[in-house]
Amino acid sequence: MAYSKEIDKKWQKKWKEGNLYRFDEKKPGKKFYTLEMFSYPSGANLHLGHWFNFAPADSFARFKSMQGYNVFHPMGFDAFGLPAENYAIKTGIHPQDSTIKNIATMKKQLEEMGATYDWNYSVETCMPDYYKWTQWLFLQLYKNGLAYKKEAPVNWCSSCNTVLANEQVINGACERCKTVVEKKKLNQWFFKITNYAEELLEGLETLDWPEATKKIQTNWIGKSKGAEITFKTENKDIDIKVFTTRPDTLCGVTYVVLAPESELVEKFTKPECQKAVEEYRQRTIHLSEIERMSTERTKTGTFTGSYAINPINGVKVPIWISDYVLEGYGTGCVMAVPAHDERDFEFAKKYQLPMIQVIDNREGTAELPYVEDGILINSNQFNGLTVEEAKKAIEKELEKTNSGKETISYKLKDWLVSRQRYWGAPIPMINCPDCGLVPVPEKDLPVLLPYDVEFKPDGESPLKKCKEFMHCTCPKCGKDALREPDTLDTFVCSSWYYLRYPDAKNEKEAFNKEIVDKMLPVDVYVGGKEHAAMHLIYARFITKALRDMEYLDFDEPFQKLVHQGMILGPDGNKMSKSKGNTVAPDTYIDAYGSDVFRLYLMFGFSYTDGGPWKDEGIKAISKYVSRVENLIDKVLKTNYKETEEVGEAEKSLLYVRSNTIKCMEEDIGIFQFNTAIARSMELVNELVKYESSEKVNKKLLMETIEDYIKIMSPLAPHFTEELWEKIGKAESVHKELWPKYKEEDLHLDTIEIPVQVNGKLKAVVKVGSQTSPEDVKEIVKKNTTIAEALKDKTIKKEVYVPKKIYSIVVS
RNA sequence: GCGGAUGUGGCGGAACUGGCAGACGCGCUAGACUUAGGAUCUAGUGGGAGACCGUGGGGGUUCAAGUCCUCUCAUCCGCACCA
């Protein structure tokens, strides 16, 4: 029977019956935890992106098994989140119902892929047996001072009366009703990830992650060294603290700027400036942070009417507000040095604020704004110092008067985890009128998410309108109290799921310490690079926090990280329903079978780059698969003129066989599936050639075919299983180990050395692989083309890189 | 704006640490087989008649550059409430 979907089904059934992929921690072999980022069950079907992430990663897991590891390869569902809720608002179908249905479909499809997941180790984050422990995690963070409440702005649509996610804000307006979005402050929960800023940064060095991803995290953490400087003001009680990376320019400060939303603004605004300040603050409400950070936008701002005093020279400078200062970074106030900062320069020019140059280049010809290194001028006792010297000297001087110190600032902000949404894990906290904030006792977990809730947007957290949910008794004093109505960001659910998998059924704890210490860290984590900053940094933070609470004993959750690329639509754009350029895997699976589809995904694209979908390529793989089938059928029924000799033809076959095993081993190990499959094609080409030889060494031929089936088995699990059976094997090919190649088969008697004259390839000479450099030289010189090229020339230089190249320079 | 990438034949993509650019495949061309061919098999295939020229473009380092340095152009992705 030719390979088809039917063969997939036949083997999927047998594997399931035989429990082929059941994980058993007692199995021999070193543990190997390989993990793909779990999927979000937003639509009913697995899309191409899922396939491209999961199918090759599954092949990798299978490969690791063949190498003798005891592979742990779980899969689950990140099931809470906004899309299910929005879908419910649109269709009236409850998020729980649609999510459970989607999960069932996706699970079935994952099985059709032929993946090795053991569903006994799985999580669904929206189920109480999981989110009970998400809530437990929240409580541990709270107990350890890592969860706290503070006011923070949200995107607010006054027409829909609801909080909007950033993705629901299009060009500053609500995606539904186009109302201009404003910022509204709400009291919300935060996780103190900033406590771990330094460790999250340092830990990157120990990880086998793509360099680009490490850079993204480094920039996200955004460490910068500088100084915090205190400016006294006319208002004796209130100081302004600024953070600057350039304390050396302190004498060049001509004004200070506060973020418009800063609480200090009210304290400094003089009555005559009140109106302008209020208007300006109103305008800022509508801007996104990205807009505010843009240096292209014209700077705007307004004067508060008050003045601050420069601590280094006592100069009085005006206090302004401007949206280019962000409340969330540094102290939310900056000292402006227009002569040496481009943004300040522009701002000062626009509002005709003075500029004082305090740094000059060595020639004394610097043009403003001058942001390079240089020598201090106009800075009293600091004149003549270099920038580096001045930084230290000025910090030291400020320390004397207690008005400044060296400090480190991070861009990393605490993690806002409150969501005014329904479809999420309820935050396990209670507000008691007498006792204040009281955590739900662990024995009362989970705080169940009620099913019957009005979650259509009307200005309040949906749970707030559910009386049965909200009303409870205070665990401390027993009086009536109200629950926290917000739910947790789904990133909280996904920040610890990899810890739950190995002990997924534990009813007493989130996970058993011994088990996670044994199974973790994840050896290889595969997922999209869009998670480079958020999910991956949150998960690292949670791991470190749990380590400090002694729930586990390792520092990093994911030792190696691989990002798969993205498959684009045939038009080269990101696939989207609205563009109508989506490609549905199912039609291809039906037509060609899962393995052809898997092989095409692996062969047609670089795994880390992805690229636009092309229909033609899949036919080529289908052809390849039948070519192999035809070959094996033919070999099985042909009566060959047999030989037992190992001659030239056999040596060539042995070489290709060993080379293929070696290269595929290397390539699959580093997720280079396209080149691995290319090598497998070379072996098939060689087999076809050999099989048509006059005399055939049948034993060698069959052994090579067996090796071929084995090394293809991680990549095409159903197809190879069928072939394995065809050649008469009773057991599953997936119980086989990866074959060993023979070093001596790879040894060639003669090698080819390219010869360059003046950098240009002139000839290729054949030499014995053991030929000495002196003899190679002689052979090169005897070559007629080379001799011709060297005629009447003087040799100026000769370079021989053994076994690689021979290079001659003449004049 | 900030941050991160990418750019190689007609196409998808190879090229380890600087060492014969274009592996493998698609497509194309020719031939074989066939009642037929959008099936299969065999051979060829970067460009150019050629010396030579070729990895987005310009400069550089080197015996040798897709790979290193420098400038530049184009495209894609992320930016903290999508997951």
With syn meaning chi within 90° of zero and anything else anti, the base of B/G9 is syn
Is [X] close enough to [N] that one of its side-chain N or O atoms is under 4.0 Å from OP1 or OP2 there?
X: A/K411; N: B/C79; result: no
X: A/T490; N: B/A83; result: yes
X: A/Q672; N: B/A15; result: yes
X: A/S807; N: B/G19; result: no
X: A/K215; N: B/A5; result: yes

| Distance-only donor-acceptor test, A/Q420 side-chain atoms vs B/C81 base atoms, 3.5 Å | yes
message: Whether A/E665 and A/K662 form a salt bridge (side-chain N of Lys/Arg under 4.0 Å from carboxylate O of Asp/Glu) is what I want to check.
response: no
- Query: Do the charged groups of A/R343 and A/E346 touch, with an N to O distance under 4.0 Å?
  - Reply: no
Within the 4.0 Å heavy-atom criterion, would you say [X] contacts the bases, only the backbone, or no part of the nucleic acid?
X: A/I753; result: nothing
X: A/K762; result: sugar-phosphate
X: A/L568; result: nothing

Quick one: which of [options] gets closest to the side chain of [X]?
X: A/Y538; options: B/C81, B/G4, B/C82; answer: B/C81
X: A/M534; options: B/C81, B/C20, B/C63; answer: B/C81
X: A/V688; options: B/U42, B/A80, B/G19; answer: B/U42

Open item on the list: Is any side-chain heavy atom of A/T490 closer than 4.5 Å to one of A/W423?
Closed with: no
Minimum side-chain heavy-atom gap A/W156-A/V181 below 4.5 Å = no
Partner lookup for [N], please. Criteria are Watson-Crick or G-U wobble with both distances under 3.5 angstrom; report none if nothing qualifies.
N: B/G50; result: none
N: B/U29; result: B/A43
N: B/A74; result: B/U6
N: B/U34; result: none
N: B/U61; result: none
N: B/U67; result: none

Quick check with a 6.0 Å cut-off and a 45 degree axis cone: is [X] positioned over the face of [Y]'s six-membered ring?
X: A/K150; Y: A/F190; answer: yes
X: A/K777; Y: A/Y806; answer: no
X: A/R540; Y: A/W415; answer: no

RNA chain B nearest-nucleotide lookup for A/S418 and A/K804: closer to the 5′ end is A/K804
Whichever of A/K760 and A/I216 has the more 5' nearest nucleotide on RNA chain B, that residue is A/I216
All heavy atoms of A/G527 vs all of A/N53, minimum pair found to be CA-ND2, 4.2 Å
Minimal heavy-atom distance between A/Y40 and A/H50, with the atoms involved, is O-NE2, 4.4 Å
Could you work out the separation of B/C69 and B/C77 based on their P atoms and round it to a whole Å? 26 Å
On a whole-Å scale, what distance lies between the C1' atoms belonging to B/A83 and B/C26?
35 Å
* Specify whether A/F558 and A/Y525 have parallel, tilted or perpendicular ring planes, treating 30° as the upper limit for parallel and 60° as the lower limit for perpendicular. => parallel
Distance flag, aromatic centroids of A/F605 and A/F673, threshold under 6.0 Å: no
Please write out the pairs of protein N or O atoms and N or O atoms of nucleotides 22-29 of chain B separated by less than 3.5 Å, giving the distance to one decimal.
residue	atom	partner	partner atom	Å
B/A23	O2'	A/R679	NH2	3.1
B/A23	O2'	A/E682	OE2	3.0
B/A23	N3	A/R679	NH2	3.1
B/G25	OP1	A/N685	ND2	3.1
B/C26	OP1	A/K623	NZ	3.0

The correct set of residues in residues 186-197 of chain A placing a heavy atom under 4.0 Å from RNA chain B is A/Q188
